[in-house]
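Below you'll find the structure, written out as structure tokens, and then a few comments.
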Amino acid sequence: MASQSVLTPQAEDFPRWYQDVVAKAEMADNGPVRGTMVIRPYGYAIWERIQAEIDARIKQAGAQNAYFPLFIPQSYLSKEAEHVEGFSPELAVVTHAGGEELAEPIVVRPTSETVIGEFMAKWIQSYRDLPLLLNQWANVVRWELRPRLFLRSSEFLWQEGHTAHATYEDAAAYAMKIHLEVYNDFLNEVLAVPTFLGIKPPRERFAGAINTMTCEGMMRDGKALQMATSHELGQNFAKAFDIYYQSEEGQAALCHTTSWGSSTRLVGGLIMAHGDDRGLVVPPRLAPIQVVVIAVRDEPTVNEACERILASLKSAGVRAVLDRGRGSFGRRLTDWEIKGVPLRVEVGPRDLAEGVVTVVRRDSAEKITLALEAVAPQVPALLETVQAELLRGARDHRDANTCDVPSVVEAIDVAQTGFARLSWDLVGDSEEAEMNSQAVTIRCLVRADGSIPASDLEEDLLCIVAKAY
RNA sequence: CGGGAAGUAGCGCAGCUUGGUUAGCGCGCCUGGUUUGGGACCAGGAGGCCGCGGGUUCGAAUCCCGCCUUCCCGACCA
């Protein structure tokens, strides 16, 4: 009856562990076409929680949701030179439809700057129409050569925001606002993943952008994951799509646009940032199921007690479910652990005889005995404690594996297991090539005080380098 | 897309080297019973175009060729 591990241990083979978690926690399956993903109900429930939290923050920032078509005329992509060059290798193109070859091929959207630009041009007439703040939740297609569930799939789900502003300053400020108040706030407060915020070096910029900001998180194996990005597009798309407005003075002027996105990749980030050898660990504020009430045995008195506890938790605003005592106890515990449910409340005859239950934390395995009446009043605070400790744990892990180094050679060494931070001045083309040959990449540029640079031309910048997903 | 490994029941695998009746095992699943405080046990049962296509052969899971898919390592990306 000794429990043997049901997952490949992280230390033995991290990628294998990841796949085991995705499969055993019933999050996703591979689709029939290479690179496609079937998101199962539990994985989708997590995504819906991510969506809800991000969507609320986007609306708080003033943007409105809309929907643009999946199909984009190929000619649109070509209007912005860097954009088409950046995306053409990964485009899926429809050449036949309605039983005939199409006169103009149709691209399946890899992102929607172009179509949205076209309509922004139509909708924006006056400075009074600015800023125009749009967002859409959609699927996009980028043909991937090496797919991985949630992290890199040929079709994925995301939100893409697109805005148009009268001035460069407004646009830059809004992109920054989204980056801090939507993405970084969500990542820290909900996903419990501390980030490095910075800008991408010129080579890594979004195709067509003048500046790209990123949120880089550290996974438990020390590798980096880009968890969200915001782009200043300058007037590149405004020029390509004629997005003009008439100013107060009656002059025609070009808009400045931004775009920003976060995707189902965040689910992969969640798995790798908090998971352990027992499976997923979901932060309480994110968890679709925060508490599982487990009946040790399937008998009337136990079940009645469970029902009462469940009802009291729900009325306290806790997302809770009931696991009736069918099947072996140990097996059920293991299943809930793999799914990463933050707290479980174990209810059995021995507990009930004493008027108590046993509450167990997923993150620390700590067991707490609570009086029956104390469960609903105390669980919300306990969930917040777990949330805070997950963030603290992730921050400790990140800090312990982030090192300031004086040279590229040492940066490559440090990047085998974590992040290295060094002067950006030390990294020329040949140094970057040397790092890249070891799979180490520049994740972002930051100021010495950790804030986000306005441009890569600022002096005394630092760069954070790491292996990345 | 390049280099490597692998596809046999839902999952994990054996069988292939040296072709030969009905293709096995563990877990899971179904039925019945006993169980239930950390992956329970007994008995019975269901489930396979052996990845796909072609070739060699009297005969192919097994040998040969092509393709597809998955995993690992690179280049590309959210």
Side-chain angles (χ1 to χ4, degrees), chain A residues 1-8 13-16 18-20 23-24 26 29-36 85-91 110-111 139-160 183 200 203-207 212 214-217 224-231 259-269 278-279 294-299 302 323-338 344 346-354 356-358 360 365 367 369 433 436-441 467-469:
Chain A
M1 200 164 307
S3 87
Q4 56 187 26
S5 80
V6 63
L7 305 169
T8 305
D13 185 340
F14 196 84
R16 184 67 184 268
Y18 178 85
Q19 288 166 218
D20 285 354
K24 299 247 166 71
E26 302 180 329
D29 262 328
N30 284 304
V33 172
R34 178 182 167 77
T36 60
E85 189 187 337
F87 278 108
S88 53
E90 41 189 340
L91 293 181
T111 178
N139 57 338
V140 285
V141 168
R142 299 178 186 180
W143 217 249
E144 282 298 337
L145 305 175
R146 190 181 160 193
R148 286 168 139 255
L149 287 171
F150 290 116
L151 298 173
R152 213 183 295 108
S153 49
S154 287
E155 178 192 5
F156 57 91
L157 306 182
W158 78 345
Q159 89 17 245
E160 50 177 323
Y183 297 143
K200 287 291 183 185
R203 282 164 27 97
E204 310 261 335
R205 264 184 218 141
F206 176 74
T212 288
T214 178
C215 296
E216 297 286 328
L225 183 71
Q226 178 174 318
M227 305 191 78
T229 60
S230 310
H231 315 290
S259 68
W260 24 279
S262 61
S263 71
T264 38
R265 171 177 274 190
L266 287 170
V267 179
R278 292 175 165 215
I294 302 185
V296 171
R297 296 184 187 210
D298 187 9
E299 40 186 68
V302 174
D323 179 352
R324 291 176 195 284
R326 303 212 174 96
S328 86
F329 183 61
R331 176 51 190 261
R332 290 182 286 135
L333 297 187
T334 309
D335 287 345
W336 289 112
E337 279 180 343
I338 292 173
R344 64 171 188 262
E346 301 177 1
V347 183
R350 289 209 304 255
D351 291 312
L352 290 178
E354 300 172 32
V356 299
V357 295
T358 306
V360 186
K367 294 191 176 183
T369 301
N436 290 351
S437 73
Q438 316 259 341
V440 175
T441 54
K467 292 190 172 184
Y469 282 98

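If you're wondering where the values come from, they're calculated on a predicted model, not measured in any experiment. Here is the naming used below: chain letters follow the sequence lines, and residue numbers restart at 1 for every chain.
Taking A/Trp158 as the reference, A/Phe156 meet the ring pair (Phe, Tyr, Trp, His ring centres under 6.0 Å) condition, with sequence neighbours excluded. A/Phe87 meets the ring pair (Phe, Tyr, Trp, His ring centres under 6.0 Å) test with A/His83, A/Phe206; sequence neighbours excluded. Partners of A/Arg331 under the side chain to side chain donor-acceptor pair (under 3.5 Å) rule, at least two apart in sequence or in another chain, are A/Asp335. Remark: A/Asp298 pairs with A/Asn303, A/Arg326 by the side chain to side chain donor-acceptor pair (under 3.5 Å) rule, at least two apart or across chains. Checked against side chain to side chain contact (heavy atoms under 4.5 Å, CB included), A/Ala468 has the following partners two or more places apart in sequence or in another chain: A/Ala224, A/Thr441, A/Arg443.
Base pairing annotation: B/rC63 forms a Watson-Crick or G-U wobble pair with B/rG55, both donor-acceptor distances under 3.5 Å. Under the Watson-Crick and G-U wobble criteria, each requiring two contacts below 3.5 Å, nucleotide B/rA9 is left unpaired. B/rG47: no Watson-Crick or G-U partner with both key distances under 3.5 Å is found in any strand. Across all strands shown, B/rG32 forms a Watson-Crick or G-U wobble pair, both distances under 3.5 Å, with B/rC42. Pair assignment for B/rA75: none, as no Watson-Crick or G-U wobble contacts are both less than 3.5 Å.
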request  = Mark up nucleotides 68-78 of chain B, 5' to 3', with B wherever a protein heavy atom is under 4.0 angstrom from a base atom, S wherever such an atom reaches only the sugar-phosphate, and - elsewhere.
outcome  = -SSSSBBBBBB

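Salt-bridge formation is not detected for the pair A/Glu337/A/Lys24: no Lys NZ or Arg NE/NH1/NH2 atom is positioned less than 4.0 Å from an Asp or Glu carboxylate oxygen.
With P as the reference atom, B/rC16 and B/rG51 are 15 Å apart, rounded to whole Å. Nucleotides B/rU21 and B/rG66 place their C1' atoms 32 Å apart, quoted to the nearest Å. Going from the C1' atom of B/rA75 to that of B/rG4 covers 16 Å, rounded to whole Å. Taking the C1' atom of each, B/rU62 and B/rA14 are spaced 14 Å apart, rounded to whole Å. As rounded to the nearest Å, B/rC13 and B/rA9 have C1' atoms that lie 12 Å from one another. The gap from the P atom of B/rG48 to that of B/rC72 amounts to 30 Å, rounded to the nearest Å. Across B/rG53 and B/rC11, the matching C1' atoms stand 27 Å from one another, rounded to whole Å. B/rA78 and B/rG15: their C1' atoms are spaced 44 Å apart (whole Å).
For the pair A/Val296/A/Val302, no side-chain contact is recorded, criterion being any heavy-atom separation below 4.5 Å from C-beta on.
Rounded to a whole Å, the CZ atom of A/Phe329 is 18 Å from the P atom of B/rC41. Rounded to a whole Å, the CZ atom of A/Arg332 is 12 Å from the C1' atom of B/rA40. Between A/Arg331 atom CZ and B/rC11 atom C1' the separation is 11 Å, expressed in whole Å. Counting to the nearest Å, the P atom of B/rG28 and the CD atom of A/Glu26 are 15 Å from each other. Residue A/Arg324 contributes atom CZ, which lies 19 Å from atom C1' of B/rG37 at whole-angstrom precision.
Nearest-nucleotide positions on RNA chain B for A/Lys24 and A/Asp335 put A/Lys24 closer to the 5' end.
Base contact: A/Thr358 has a heavy atom under 4.0 Å from a base atom.
In the interface, the side chain of A/Glu337 is paired with the base of B/rG38 through a donor and an acceptor atom under 3.5 Å apart.
The shortest non-hydrogen separation linking A/Leu266 to A/Ser262 is CD1-CB, 3.9 Å.
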